[in-house]
Protein chains: 2
Amino acid sequence: MISQVSQLHAEICRTLGSAARIEILKALSDGEKTVNELSKTLGLKQANVSQHLSILRQRRVVATRKEGTNIYYKVANPKIIQACELMRQVLIEQLQETEQLTKTVGA
Amino acid sequence: MISQVSQLHAEICRTLGSAARIEILKALSDGEKTVNELSKTLGLKQANVSQHLSILRQRRVVATRKEGTNIYYKVANPKIIQACELMRQVLIEQLQETEQLTKTVGA
DNA sequence: ATCATATATTCGCATATATGAATTGATATA
DNA sequence: TATATCAATTCATATATGCGAATATATGAT
């Protein structure tokens, strides 16, 4: 009863369901970076970043470009960044609502 | 090193990381529905739908309205629907790329 | 060939998640 | 009161996921 497309859709969402991977995407949203750069920027171990990138690559959320020893990663489709941005706005609105609420209760 | 916001962002994504919940959101995107309606429409057990709705409610992805015995669910923020729509487009583009690829290989 | 650097993979463990079954609670109605 | 309906919760179990540590692979330089 559950469509194949929804199955794939859920898989992409699960792929984004890790704070580390969200940070990686955010870091990549302003241009491509190597594994090492990401590792240093985010303060995560290289192996760990590589694992997350592997998962993101499998689902084609990121794409790669090889240059010598380095592998440059970028977000595969700008719409993914747009979707993330929308979700972040939802989050912000949620937080604002909560603030509103605590203020009202406090008054 | 990983921001609180990214943590929350990932939580929302994980919340959407279930095909059943994606279907529920799709079903709710054209207006509010009760648990029973969803259960029948999606062909899932009531208890199961209720569980999923409970998860969606916790993360405030859906909102409820009570009317007599019934509880009507709706998507809490239209931006969530927009984000889902974007991700679905990404999916479609991915599938098209794959088709393109298989055609090329086949030729 | 050796070494250094960049990236990927594997393993083991702890934790998280999904699901079905059974139960409970609340409301309506005969 | 008895019963049917709708929804939520609890529990047990199977499965998936995240992460660190160690190891492997690949490329480039000496």
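Note that these values count all heavy atoms, side chains included, but never hydrogens, waters or copies made by symmetry. Labels below follow one simple rule: chain letters A, B, ... track the order of the sequence lines, proteins then strands, and each chain is numbered from 1. None of the values given here were measured: they were computed from a predicted structure.
- Checked against D/dA21, C/dA28, D/dT27, the side chain of A/Lys66 finds its nearest nucleotide in D/dT27.
- One atom, CG of A/Asn70, and another, P of D/dT27, lie 13 Å apart when rounded to the nearest Å.
- Between B/Arg14 and C/dT17 there is a side-chain polar atom (N or O) within less than 4.0 angstrom of OP1 or OP2.
- Distance CZ (B/Arg57) to C1' (D/dA7): 9 Å, rounded to an integer number of Å.
- Remark: P of C/dA4 and CG of A/Asn36 are 17 Å apart, rounded to the nearest angstrom.
- Contacts of B/Ala20 with the nucleic acid, taken as non-hydrogen atoms under 4.0 Å apart, are absent.
- Each of B/Thr64 and A/Ile55 was matched to the nucleotide of DNA chain D holding its nearest heavy atom; the match closer to the 5' end belongs to B/Thr64.
- Atom P of nucleotide D/dA24 and atom CD of A/Gln51 are separated by 17 Å, given to the nearest angstrom.
- Taking atom NZ on B/Lys33 and atom C1' on D/dC6, their separation rounds to 18 Å, with Å as the unit.
- The distance between atom CD of B/Glu37 and atom C1' of D/dT5, rounded to the nearest whole Å, is 14 Å.
- Atom CZ of B/Arg21 is separated from atom P of C/dA18 by 4 Å (rounded to the nearest Å).
- Taking only side-chain nitrogens and oxygens, A/Ser50 comes nearer than 4.0 Å to OP1 or OP2 of C/dA8.
- Distance, B/Leu44 CG to D/dA7 C1': 15 Å, rounded to whole Å.
- Between A/Lys45 and D/dA21 there is a side-chain polar atom (N or O) within less than 4.0 angstrom of OP1 or OP2.
- Between A/His52 and D/dT17, a side-chain N or O to OP1/OP2 separation shorter than 4.0 Å is absent.
- Mapping A/Glu67 and A/Gly17 onto DNA chain D by nearest heavy atom places A/Gly17 closer to the 5' end of the strand.
- At the phosphate of C/dG20, OP1 or OP2 sits under 4.0 Å from a side-chain N or O atom of B/Asn48.
- When the nucleotides D/dA7, C/dT7, C/dA22 are ranked by their closest atom to the side chain of B/Gln46, D/dA7 comes out on top.
- With values rounded to the nearest 0.5 angstrom, B/Ile24 atom CD1 is found 7.5 Å from B/Asn48 atom CG.
- Side chains of A/Ile81 and A/Leu25 form no contact here, defined as non-hydrogen atoms less than 4.5 Å apart.
- A donor and an acceptor atom, one from each side chain of A/Glu23 and B/Ser6, are located under 3.5 Å apart.
- Panel note: side chain A/Thr41, backbone A/Glu37; a donor-acceptor pair is recorded below 3.5 Å.
- Of the possible donor and acceptor atoms, one in the side chain of B/Ser29 sits under 3.5 Å from a partner among the backbone N and O of B/Lys26.
- Look at B/Tyr73 and you'll find a side-chain N or O under 4.0 angstrom from OP1 or OP2 of D/dA8.
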